[in-house]
Amino acid sequence: MAFHVRTRTLNHSPQWYHDRGLDEDSPPSMVALINADVKLLDVDDSTLTPGEKLADYEEAWDLILTKKDGNASVADLQKVLEREGELGYVPTELYAKPPFSLIAKLMDKHGLSTTEIGEFLKWRAKDTNLKKARAAKKKPAKKPKQKTFINKFLEAKRGKPIRRDSDL
């Protein structure tokens, strides 16, 4: 999955960060996620470490759930939890479902290695791009726009000779 930091909606729940061990040594991508989330809930303190930011984020999350305070709604938190549950952010969960499970079965059935599949995907991408390029060449050239009455009038005012359709 491509990495993407949401800046208008929350990225993850506090539990998601706990499961992945957010701390000072976390990768920059995970730190960017927690930074975006604490900003959305207005609990951002740039002097704190990612682990400390997580504690503040968790407090703000709990306040929203208890409907005491917060800059987000319970529905916003629910969307985050649903997204985490449905999409399966753990690769073993995500790739165990179709269509990936079907691809794995076909690889096993035909004895294909991951290297061969990688080469096939490169070939397929090149072939698709070639087909697109050929289709673009086959498109007819656009006809030049015909001049409107206003354009012809303005050309005449500027001193240019008026071209008539019969002159073409």
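Being a predicted model, the structure only gives us computed values, none of them experimental. Numbers here are sequence positions counted from 1.
Atom CD of Gln15 is separated from atom CZ of Arg20 by 9.5 Å, given to the nearest 0.5 angstrom.
For the residue pair Ser26 and Gly21, the shortest heavy atom distance occurs at OG-O, 3.6 Å. Nearest heavy-atom pair across Leu63 and Thr66 is O-OG1, 3.1 Å.
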Only pairs under 3.5 Å count here: list side-chain donor-acceptor contacts from residues 30-49, not counting sequence neighbours, and write none if there are none.
| from | atom 1 | to | atom 2 | distance (Å) |
| --- | --- | --- | --- | --- |
| Asn35 | OD1 | Lys53 | NZ | 2.7 |
| Asn35 | ND2 | Val31 | O | 3.2 |
| Asp37 | OD1 | Asn11 | N | 2.7 |
| Asp37 | OD1 | Asn11 | ND2 | 3.0 |
| Asp37 | OD2 | His12 | N | 3.2 |
| Asp37 | OD2 | Tyr17 | OH | 2.6 |
| Asp42 | OD2 | Asn71 | ND2 | 3.0 |
| Asp45 | OD1 | Thr47 | N | 3.2 |
| Asp45 | OD1 | Thr47 | OG1 | 2.8 |
| Asp45 | OD2 | Thr47 | OG1 | 3.2 |
| Thr49 | OG1 | Glu24 | OE2 | 3.1 |
| Thr49 | OG1 | Glu52 | N | 3.3 |
| Thr49 | OG1 | Glu52 | OE1 | 3.3 |

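Two residues are said to be in side-chain contact when any heavy atoms from C-beta on lie closer than 4.5 Å; Val80 and Trp61 meet this criterion.
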Report task. Output, in order, the C-alpha distance, side-chain angles, deciding distance and verdict of side-chain contact (heavy atoms from CB on, under 4.5 Å) for Leu10 and Leu77. Result -> CA-CA 8 Å; Leu10 296 173; Leu77 303 185; 3.4 Å; yes
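Hydrophobic cluster membership is shared by Trp123 and Ile117, with clusters built from Ile, Leu, Val, Met, Phe, Trp and Tyr side chains linked at under 4.5 angstrom.
For Thr114, the side-chain hydrogen bond (donor to acceptor under 3.5 Å, both in side chains) test picks out no residue, with sequence neighbours left out.
Grouped by direct or indirect side-chain proximity (heavy atoms under 4.5 Å, Ile/Leu/Val/Met/Phe/Trp/Tyr only), Leu102 sits with Leu106.
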